[in-house]
Amino acid sequence: MQKDATPQTSESGYLDGQILVAMPSMPDERFARTVIYMCAHTADGAMGIVVNQAARKIGFPELLVQLEVIDKEDAIRLPAQTAATPVLRGGPVETGRGFVLPSDAYKIADATLAIRSGVALTATGDILRAIARGDGPKRAVLALGYASWAPGQLENEIQHNGWLTGPGDPALVFDPDQAGKYDRALKLIGVDAAFLSNEAGHA
C-alpha cells in the first residue's frame with residue numbers, strides 16, 4: 001500500500017470529482033465497503049453519491065412508474081438498455097429523493113452540475129423522462145439518497161483513517177457491476193486489498 005501520499009484534490013484543494021473508498025476501520029456500518037463519488041466539497045461541507053450499492057427490490061422501470069414518469073403499461077416497452085439503468089442506494093440522506101449521475105456531455109440548462117472526470121449531477125425529473133424516451137445521456141446511474149458531511153467532518157474522517165481517496169474514473173462510476181467496484185476502486189488508487197491495513201494512512 002502506498003504510504004505518505006496525500007489525497008488527490010481539485011485546484012481548490014477539495015475532493016469534488018474524486019472517489020472515497022471506505023477503510024476497514026470505517027466505524028459507520030452504513031458505509032462499510034462503500035465507494036462514494038464526490039459531487040461537491042467546499043469549506044461549507046461535502047456531498048457525494050454511493051456508487052457501489054444497488055437499491056433493494058426496485059429496478060429502473062418500476063421506479064419510473066413509482067415517480068409517475070411513465071405509466072405502468074409503458075414500463076414493459078422500455079428499451080433493454082434503458083430498463084437496465086442502475087438504481088443505487090446513494091446514501092442515508094433523503095432516501096426518497098432521486099439523483100442522476102449522467103455523463104457530462106449531457107446537460108439540462110440550469111439543472112445540471114458538471115463536476116469533473118466526465119460525470120455530472122442532476123436531480124430534475126426531466127432527465128428521467130429523457131432516459132425513458134431513449135434520448136437521455138449515453139451513460140447514467142440513478143441514486144436514491146446521498147451522503148453528506150458538515151464543515152470539516154470529512155477532513156476529520158480522512159485524517160482518522162476512515163477513507164481512502166482517489167481519482168473519479170467515469171468507467172468505475174457507470175459500471176453496472178456493483179459487486180466488484182470496491183476492489184476495482186482500490187486498484188484504481190493503487191492499493192492491494194489483500195494488504196489493506198487499518199493502520200495505514202490515506203492514499
Side-chain angles (χ1 to χ4, degrees), residues 7-21 34-42 46-55 58-65 67-70 74-75 77-91 93-94 97-148 165-182 184-185 187-189:
Q8 295 194 16
T9 61
S10 64
E11 292 180 0
S12 64
Y14 295 110
L15 295 170
D16 44 301
Q18 304 294 308
I19 58 170
L20 300 179
V21 183
T34 56
V35 178
I36 297 180
Y37 183 79
M38 294 303 299
C39 300
H41 184 207
T42 70
M47 176 265 188
I49 301 290
V50 178
V51 295
N52 69 324
Q53 292 185 344
I58 191 165
F60 190 67
E62 293 80 12
L63 189 61
L64 292 179
V65 173
L67 297 175
E68 299 182 350
V69 173
I70 62 174
D74 294 329
R77 292 192 286 270
L78 288 174
Q81 182 175 353
T82 299
T85 299
V87 180
L88 306 177
R89 186 171 59 186
V93 182
E94 293 193 71
R97 186 178 178 191
F99 297 84
V100 179
L101 293 176
S103 48
D104 67 356
Y106 185 88
K107 294 179 176 63
I108 296 176
D110 301 320
T112 303
L113 172 66
I115 305 171
R116 290 176 63 206
S117 314
V119 183
L121 172 70
T122 182
T124 177
D126 291 341
I127 193 170
L128 297 179
R129 286 184 279 273
I131 294 172
R133 292 193 305 266
D135 57 3
K138 290 184 177 180
R139 297 186 296 178
V141 295
L142 172 62
L144 299 176
Y146 61 94
S148 67
T165 65
D169 185 356
L172 180 72
V173 173
F174 296 120
D175 192 327
D177 176 18
Q178 313 306 331
K181 278 188 180 180
Y182 183 80
R184 292 200 304 279
K187 289 181 180 178
L188 186 65
I189 296 171

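Bear in mind that the values here come from a model prediction, so they are computed numbers and not experimental data. Heavy atoms only: backbone and side chains are in, while hydrogens, waters and symmetry mates are out.
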How close do Y106 and A130 get, counting heavy atoms only, and between which atoms? OH-CB, 3.2 Å

Rounded to the nearest 0.5 Å, how far apart are CZ of R97 and CG of L144? 12.0 Å

For K181 and V51, indicate whether the former's side chain and the latter's backbone hold a donor-acceptor pair under 3.5 Å. yes

Does some side-chain heavy atom of P102 sit less than 4.5 Å from a side-chain heavy atom of I131? no

Ignoring hydrogens, what is the shortest heavy-atom contact between Y37 and I19? Give both atom names and the distance. CD1-CG2, 4.2 Å

Atom of A140, atom of V100 and distance for their closest heavy-atom approach: CB-CG1, 4.1 Å

Output for pair (R139 CZ, D175 CG), nearest 0.5 Å, gives 10.0 Å

Distance, nearest 0.5 Å, that separates CG of L78 from CD1 of I70: 4.5 Å

Minimum heavy-atom distance between A120 and I115, given as atom pair plus value: C-CD1, 4.0 Å

Report the residues that fulfil side chain to side chain donor-acceptor pair (under 3.5 Å) with E62, sequence neighbours left out, ordered by chain and then residue number. none

Report the distance from atom CG of N52 to atom CG of D177, rounding to the nearest 0.5 Å. 10.5 Å

Passes side-chain contact (heavy atoms from CB on, under 4.5 Å), L88 versus V50? Steps please. CA-CA 7 Å; L88 306 177; V50 178; over 6 Å; no

Rounding to 0.5 Å, atoms CG (L128) and CG (L64) come to a distance of 6.0 Å

Backbone of T122 reached by a side-chain donor or acceptor of T112 within 3.5 Å: no

Closer than 4.0 angstrom, basic N to acidic O: yes or no for R184 and D169? no

Looking only at heavy atoms, the pair that brings M38 and L20 closest together is SD-CD1, 3.5 Å

How far apart are the closest heavy atoms of C39 and D16, and which atoms are they? O-CB, 4.1 Å

What's the separation between atom CG in L121 and atom CE in M47, rounded to the nearest 0.5 Å? 5.0 Å

